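In what follows, a structure is listed as structure tokens, so that the remarks can point back to it.
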2 protein chains.
Amino acid sequence: MTTAVCARKVPRGERRRMELVDIAEQMFLERGFADTSMQMIAERAGASKETLYRHFSSKELLFVEIVTRNALLVSGPDAAVARDGSPESVLSELGIGVLRIVLAANASRLFRTVVSESARTPELGDLFYQRGPAVVAARLTDYLARAAKRGELRCEDPQTAARLFLGAVMSNYHVRRLVQSDWKPPSEKEVRRHVEAAVSMFLAQYESRRPAGRKRLACRRQSLPAW
Amino acid sequence: MTTAVCARKVPRGERRRMELVDIAEQMFLERGFADTSMQMIAERAGASKETLYRHFSSKELLFVEIVTRNALLVSGPDAAVARDGSPESVLSELGIGVLRIVLAANASRLFRTVVSESARTPELGDLFYQRGPAVVAARLTDYLARAAKRGELRCEDPQTAARLFLGAVMSNYHVRRLVQSDWKPPSEKEVRRHVEAAVSMFLAQYESRRPAGRKRLACRRQSLPAW
DNA sequence: TTCTAAGCGAACCGATGGGTACGGTTAGCC
DNA sequence: GGCTAACCGTACCCATCGGTTCGCTTAGAA
């Protein structure tokens, strides 16, 4: 079976460690940090607490490892930015990607748990922010600066612009997801509609209409029949 | 002393109860819910746990009372909206007010604590959202609708518009405050500058240029001379 | 002054959970 | 086959905490 194949390369200890961290991640995301005991993790993994403690010196360290591993998830949808396409396409693609993640059950659970624990463990919150949201903001800022240099946008302060856009995209969805655990997140359709509105507002301010006046028109026109 | 004066009207039990809830609030905001034990609250109040439990049937109920009392704080800065001034003045006043609260130490601590506990007590998060953020959003939505009716703004979907604006105003400040406990919040100057940028972006999209002006075109035109 | 509700302190209960210790068991390498 | 390190199960230690009980004291109204 696969175990045999894996065993070829990965030593026993390493393998067990990975299994454990997987199980722990699953449970932390499911039930939060405080409500998941080491005993429960060990049980579900078919392990003993001692094994758990041999691999992770404390519950906190275990959680830190999981956060580190997952924070990047938030910075996932940056393919659009990397491609350096037109502002409209880049922004809507990025916006939809970000919003999707913010609304995803797992991500919001992780975020909630990080918030809970960052009071007790400040480095944790910092780590999360630096590896997650900050990365997205930085990449968007870079893109906006490049687009401005190319003359596609007119913005003197790309950092502020990026913050405005990301804020508008997340709007109160983020908060609701965080606080109202039984809130029914918007449909994919609504998400697209919201992001479109955000993009439209952003471009109304920052797009340089120089290159060709019709660009806007096209964009507008296109959104019209859609809804 | 004041005690004598107070005693005149407020019966002993009621007085003690208020003292207790004040102390508890202070401690919950300082150290969070989980890290504050009933014993500690009683001690700092110079009370016994029994007295505490005579007034509040459980720790959770005590916290709920405190959240209820504080959530309205978030909806405080709506005087601007009530006055029905020009969009620009209303938006910037509201924006600054909201952002100030979001950045305030106490409010962000409360929010963090609510997030932590809302996993265990869903009604709590709901309560907070309904009495806090939702109120602000609703009031702004109403204002935008009125302004649109007056012809000052052109927006067909005031709810989305309100969300976009509030999101842009809070941007990532909210999240950072929540997660990076040692983050140094921006200066008053930066706050004003950010809100100004948000207002400008919002108006670029939603301000009605001229009565005759057709939708998008007019709006685009307007942003040109601005920068 | 007297009577009662409110309050105090301290001990107590039951449960939970992080972390450790130990004796027996398995996997994997030589 | 034999050796070692990782592993399992269980029991255990210790601390905390929510919540209760009880005997005694105090405040304040009649």
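All of these numbers come straight from a predicted model, not from anything done at the bench. Reckoned from all heavy atoms, side chains included, excluding hydrogens, waters and symmetry mates. Naming convention: chains lettered A, B, ... in sequence-line order (proteins, then strands); numbering from 1 in each chain.
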Can you check whether any acceptor in the base of dC7(D) is under 3.5 Å from a donor in the side chain of Glu50(A), or vice versa? no
Does a donor on one side chain sit under 3.5 Å from an acceptor on the other, for Glu65(A) and Thr68(A)? no
Within the structure, does a side-chain N or O atom of Arg16(B) lie under 4.0 Å from either OP1 or OP2 of dG28(D)? no
Contact class for Ala47(B) (heavy atom, under 4.0 Å): base, sugar-phosphate, or nothing? sugar-phosphate
Gap between atoms CE and P, on Met38(A) and dG9(D) respectively (whole Å): 16 Å
Is the ring centre of Phe165(B) less than 6.0 Å from the ring centre of Tyr206(B)? no
Arg131(B) vs Asp126(B), test: salt bridge (charged side-chain N to carboxylate O under 4.0 Å, His left out). Steps then yes/no. CA-CA 8 Å; Arg131(B) 300 223 179 191; Asp126(B) 220 74; over 6 Å; no
Euclidean distance, atom CD of residue Glu60(A) to atom P of dG18(C) [Å, nearest integer]: 11 Å
Would you kindly give the CZ-to-C1' distance between Arg31(A) and dT16(C), to the nearest whole Å? 13 Å
Distance criterion of 3.5 Å, no angle test: do you see the side chain of Lys49(A) paired donor-to-acceptor with the base of dG19(C)? yes
As a test of reading the structure: which of dG17(C), dC8(D), dG9(C) is closest to the side chain of Ser37(A), going by heavy atoms? dG17(C)
Euclidean distance, atom CD1 of residue Ile41(A) to atom P of dG19(C) [Å, nearest integer]: 11 Å
For Thr36(B), report the nucleic acid contact type (base, sugar-phosphate, nothing); a contact means any heavy atom under 4.0 Å. sugar-phosphate
Contact between Val169(A) and Val199(A) at the side-chain level, heavy atoms closer than 4.5 Å - yes or no? no
Are side-chain N/O atoms of Thr113(A) and Ser116(A) paired as donor and acceptor at under 3.5 Å? no
How long is the line joining CG of Leu61(B) and P of dG18(D), in whole Å? 14 Å
Judged by each residue's nearest nucleotide on DNA chain C, which is more toward the 5′ side, Tyr53(A) or Thr51(B)? Thr51(B)
Nearest-Å distance, CD (Glu14(A)) to P (dA27(C))? 19 Å
Output the rounded distance in Å from CD (Glu43(A)) to P (dT10(D)). 9 Å
Within this structure, what is the CZ-to-C1' distance between Arg44(B) and dG9(C), rounded to whole angstrom? 20 Å
Terminal helix-axis angle for the helix from dT1(C)-dA30(D) to dC30(C)-dG1(D), with five pairs defining each axis and rounding to 10 degrees: 10°
Taking the nucleotide of DNA chain C with the nearest heavy atom to each, does Arg54(B) or Gln39(B) sit closer to the 5' end? Arg54(B)
Do Phe56(A) and Phe63(A) make the cut of ring centroids closer than 6.0 angstrom? no
On the nucleotide dG7(C), are OP1 or OP2 found under 4.0 Å from the side-chain N or O atoms that His55(B) carries? yes
Please give me the minimum heavy-atom distance between Val90(B) and Ala80(B), naming the atom from each residue. CG2-O, 3.6 Å
